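The next block holds one structure in the form of structure tokens; read it before the comments.
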Amino acid sequence: MKQSVKSLIAGNWKMNGLGASLAEAEALRSALEAEPATCRVALCPPATLVDRMTEACAGGPVEVGGQDCRAEASGAYTGDISAAMLKDAGATLVILGHSERRQGYGETDALVLAKAEAALAAGLSPIICVGETLQEREAGRAVEVVREQVIHSLPLVLAGQAFAVAYEPVWAIGTGLTPTLEQIEEVHRAVRAAMIERLGLAAATTPILYGGSVKPDNARDILSTPEVGGALVGGASLKAADFLGIIRAA
Ligand code: PEP
């Protein structure tokens with residue numbers, strides 16, 4: 001098998017998917033069993049499907065993750081889900097600090113840090129998202145904003161643990177827009193430096209995923225960019241054929 005330097009391609013289904021959508025996960029599983037991927041592959045469906053997708057993917061090459069978790073272990077938090085609940089349902093990883101949560105629910109770096117601690121304690125690998133808004137990029141502050149998010153969102157306990165950071169420019173999510181490859185490399189290098197500043201050399205090989213309008217037709221270029229260790233994929237992960245196109249580019 002071809003050796004890949006990519007670590008993880010993860011799909012974020014967001015608030016999409018009913019029971020019938022598990023057919024896409026099953027199709028992905030079958031395709032990857034017939035021709036294995038060169039990297040880890042995960043799907044993060046809505047919480048209602050974590051259990052059933054885990055069952056559909058059991059023993060196969062597709063891991064299942066959550067899209068968020070509460071920092072507290074249990075309690076009176078109507079509508080929320082804990083890291084232990086995700087783990088219990090079969091998840092192995094969890095997306096944290098997605099910009100749709102930072103912006104829509106006012107999630108701060110401190111809260112993302114607390115959630116990452118909770119995820120680790122429950123045995124989940126966090127994928128911690130960072131990224132600048134268009135306004136911040138246009139003000140020339142992309143690197144500075146992302147550096148601050150990394151420093152303040154990553155708990156020290158992550159040193160030496162399995163996790164990933166996803167660089168997702170807010171303006172590239174779901175828009176069809178992507179940064180230039182030079183811009184992606186510049187920010188990924190800044191993310192790497194901030195991770196090492198925060199966690200030490202243990203973070204020198206931790207994967208940094210790129211996310212934001214990754215599609216089969218741009219995946220090869222993006223995934224070949226230095227310091228890009230994989231991808232976090234939204235819309236294009238909903239259909240097995242599209243997601244496979246990205247996975248095959250890794
Ligand atoms: C995302 O929401 O994490 C994402 C990357 O979305 P999309 O691929 O649709 O831009």
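In this text the structure is predicted, and so the values were computed from the model without any measurement. Atoms within a ligand are numbered from 1 in the order they appear, just like the ligands themselves. All values below come from the heavy atoms of this structure, side chains included, with hydrogens, waters and symmetry mates left out.
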Intermediate values then yes/no, side-chain contact (heavy atoms from CB on, under 4.5 Å), Arg192 and Thr206:
CA-CA 9 Å; Arg192 174 71 66 208; Thr206 299; 4.2 Å; yes
Determine whether Arg248 and Glu35 satisfy the following criterion, side-chain contact (heavy atoms from CB on, under 4.5 Å), listing intermediate values before the conclusion.
CA-CA 10 Å; Arg248 297 299 184 214; Glu35 186 186 337; 3.4 Å; yes
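Separating the CG atom in Leu232 from the SG atom in Cys129 is a distance of 5.5 Å, to the nearest 0.5 Å. Taking CD of Glu136 as the reference point, atom CH2 of Trp171 lies at 12.5 Å (rounded to 0.5 Å). A distance of 8.5 Å separates CZ in Arg101 from CG in Leu111, rounded to the nearest 0.5 Å.
Of all atoms in ligand 1, numbered sequentially from 1 with element shown, those under 4.0 Å from a heavy atom of Gly212 are 5 (C), 10 (O). Numbered from 1 in the order shown, with element, the atoms of ligand 1 that lie under 4.0 Å from a heavy atom of Asn12 read 2 (O), 3 (O). Using a 4.0 Å cut-off to heavy atoms of Gly174, the atoms of ligand 1 that qualify are 7 (P), 9 (O), 10 (O).
Note: an N/O pair closer than 3.5 Å links Ser213 and ligand 1 by distance alone. Polar contact check, Ala236 against ligand 1: no nitrogen or oxygen pair lies under 3.5 Å apart. Considering backbone and side-chain N/O atoms, Leu232 never comes within less than 3.5 Å of an N/O atom of ligand 1.
Scanning the protein heavy atoms around atom 5 (C) of ligand 1, the nearest turns out to be Glu168 OE2, 3.0 Å. Scanning the protein for heavy atoms near atom 9 (O) of ligand 1, the closest one is Gly235 N, 2.9 Å. The closest protein non-hydrogen atom to atom 2 (O) of ligand 1 is Lys14 NZ, 2.5 Å. Nearest protein heavy-atom neighbour of atom 1 (C) of ligand 1: His98 NE2, 3.2 Å. Regarding atom 4 (C) of ligand 1, its nearest protein heavy-atom neighbour is Gly234 N, 3.5 Å.
Between Arg40 and Glu63 there is a salt bridge, with a side-chain nitrogen of the basic residue lying less than 4.0 Å from a carboxylate oxygen of the acidic one.
Partners of Ala190 according to the side-chain contact (heavy atoms from CB on, under 4.5 Å) rule, which considers only residues two or more places apart in sequence or in another chain, are Val143.
Contact between Lys215 and ligand 1 is absent, with no heavy atom of the residue lying under 4.0 Å from the ligand. At a 4.0 Å cut-off, at least one heavy atom of Ala172 sits close enough to ligand 1 to count as contact.
Both the backbone and the side chain of Ile173 come within 4.0 Å of ligand 1, judged by heavy-atom distances.
Among Pro169, Pro179, Pro226, the single residue meeting the side chain to side chain contact (heavy atoms under 4.5 Å, CB included) criterion with Ile184 is Pro179. Considering Gln103, Arg141, Arg102 as possible partners of Thr133, the one that fulfils the side chain to side chain contact (heavy atoms under 4.5 Å, CB included) test is Gln103.
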